[in-house]
Amino acid sequence: MAGLQQTNSEKILLSWVRQSTRNYPQVNVINFTSSWADGLAFNALLHSHRPDLFDWNAVASQQSPIQRLDHAFNVARQHLGIEKLLDPEDVATVCPDKKSIFMYVTSLFQVLPQQVTMEAIREVETLPRPSRITREEHIQVHHQQHFSQGVSCFIYTFSCCCFQVAIFLRCTKSVV
């Protein structure tokens, strides 16, 4: 199970993100996966350093995570020169790719102010540890669930057919 321990660079980057988004109550970044899926963290991070670029309330109230993610990636490209390395559809999932998000947030870190306090780093060290499931295991479980659902559906359909055949046979016996 590789990648269970946070590297120092992850701790520093996560500390910077948490420190930057502290004034946004809708945002609680605790990892480089699911914390980013709704698009609020990317937008809060941008807005905390460049509030002149957009109206936070307008973005926060957008219905779709895809819209919020697209907004953040476009703002970063147009105003900070960061290429749109992520597709909103790939991030707005249950388990976005950690390395991709880490790389993109690192790009933001390189162009935005970078003050990180020791207090913020200590706070990150107290966050709950990620579960011991890798992305590959998550995908495997997801596929197994779909397979199980498919099998259950097949068994249910098969039982219904058998039941209908049994009824048909009973009816034909009583007619003969």
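The shown structure was predicted, so the numbers you read here are calculated from the model rather than taken from an experiment. This chain uses plain numbering: 1 for the first residue, then up along the sequence.
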Q. Going from CG on Leu85 to CG on Asp90, what distance comes out if it is rounded to the nearest 0.5 angstrom?
A. 12.0 Å
Q: Would you confirm whether Asp87, through its side chain, and Glu89, through its main-chain N or O, come within 3.5 Å as a donor-acceptor pair?
A: no
Q. Is Phe109 linked to Val27 within one hydrophobic cluster, defined over Ile, Leu, Val, Met, Phe, Trp and Tyr using a side-chain heavy-atom separation of less than 4.5 Å?
A. yes
Q) Looking only at heavy atoms, what is the nearest atom pair of Pro25 and Asn23, with distance? A) CD-O, 3.4 Å
Q: Check the pair Lys84, Asp70 against side-chain contact (heavy atoms from CB on, under 4.5 Å), reporting the backbone distance first and the verdict last.
A: CA-CA 9 Å; Lys84 195 173 177 180; Asp70 195 50; 2.5 Å; yes
(Q) For Ala37 versus Pro96, what's the shortest heavy-atom pair and its separation? (A) CB-CG, 4.2 Å
Q: Could you check if a side-chain atom of Phe73 sits within less than 4.5 angstrom of a side-chain atom of Val91, using non-hydrogen atoms only?
A: yes
Q. How far apart are the C-alpha atoms of Phe42 and Val75, what are their side-chain angles, what is the distance that settles it, and do they pass the side-chain contact (heavy atoms from CB on, under 4.5 Å) test?
A. CA-CA 10 Å; Phe42 286 112; Val75 166; over 6 Å; no
Q. Rounded to the nearest 0.5 Å, what separation is found between the CG atom of Leu112 and the CH2 atom of Trp16?
A. 5.0 Å
Q) Taking all atoms of both residues into account, what is the closest heavy-atom pair of Trp36 and Ala41, and its distance? A) CE3-CB, 3.5 Å
**Q.** For Asn28, all residues meeting side-chain hydrogen bond (donor to acceptor under 3.5 Å, both in side chains), sequence neighbours excluded
**A.** Arg18
Q. Do other residues, nucleotides or ligands put more than 12 heavy atoms under 6.0 Å from Lys99 NZ?
A. no
(Q) As an exercise, state the distance from CE of Met103 to CG of Leu13, rounded to the nearest 0.5 Å. (A) 12.5 Å
Indicate every side-chain donor-acceptor pair of residues 43-50 with a distance under 3.5 Å to a residue at least two apart or in another chain.
{"residue": "Asn43", "atom": "OD1", "partner": "His71", "partner atom": "ND1", "Å": "2.7"}
{"residue": "Asn43", "atom": "ND2", "partner": "Gly39", "partner atom": "O", "Å": "2.9"}
{"residue": "Asn43", "atom": "ND2", "partner": "Arg68", "partner atom": "O", "Å": "2.8"}
{"residue": "His47", "atom": "ND1", "partner": "Tyr24", "partner atom": "OH", "Å": "2.6"}
{"residue": "His47", "atom": "NE2", "partner": "Phe54", "partner atom": "O", "Å": "3.4"}
{"residue": "Ser48", "atom": "OG", "partner": "Ser20", "partner atom": "O", "Å": "3.2"}
{"residue": "Ser48", "atom": "OG", "partner": "Ala44", "partner atom": "O", "Å": "3.4"}
{"residue": "Ser48", "atom": "OG", "partner": "Leu45", "partner atom": "O", "Å": "2.9"}
{"residue": "His49", "atom": "NE2", "partner": "Ser20", "partner atom": "OG", "Å": "2.9"}
{"residue": "Arg50", "atom": "NE", "partner": "Asp52", "partner atom": "OD1", "Å": "3.2"}
{"residue": "Arg50", "atom": "NH2", "partner": "Asp52", "partner atom": "OD2", "Å": "3.0"}

(Q) Please report the interatomic distance CD1(Ile12) to OG1(Thr106), rounded to the nearest 0.5 Å. (A) 11.0 Å
Q | Interatomic spacing from CG in Leu14 to CZ in Phe102 - rounded to 0.5 Å | A | 9.5 Å
Q | Interatomic distance, Asp55 atom CG to Ser61 atom OG [nearest 0.5 angstrom] | A | 8.0 Å
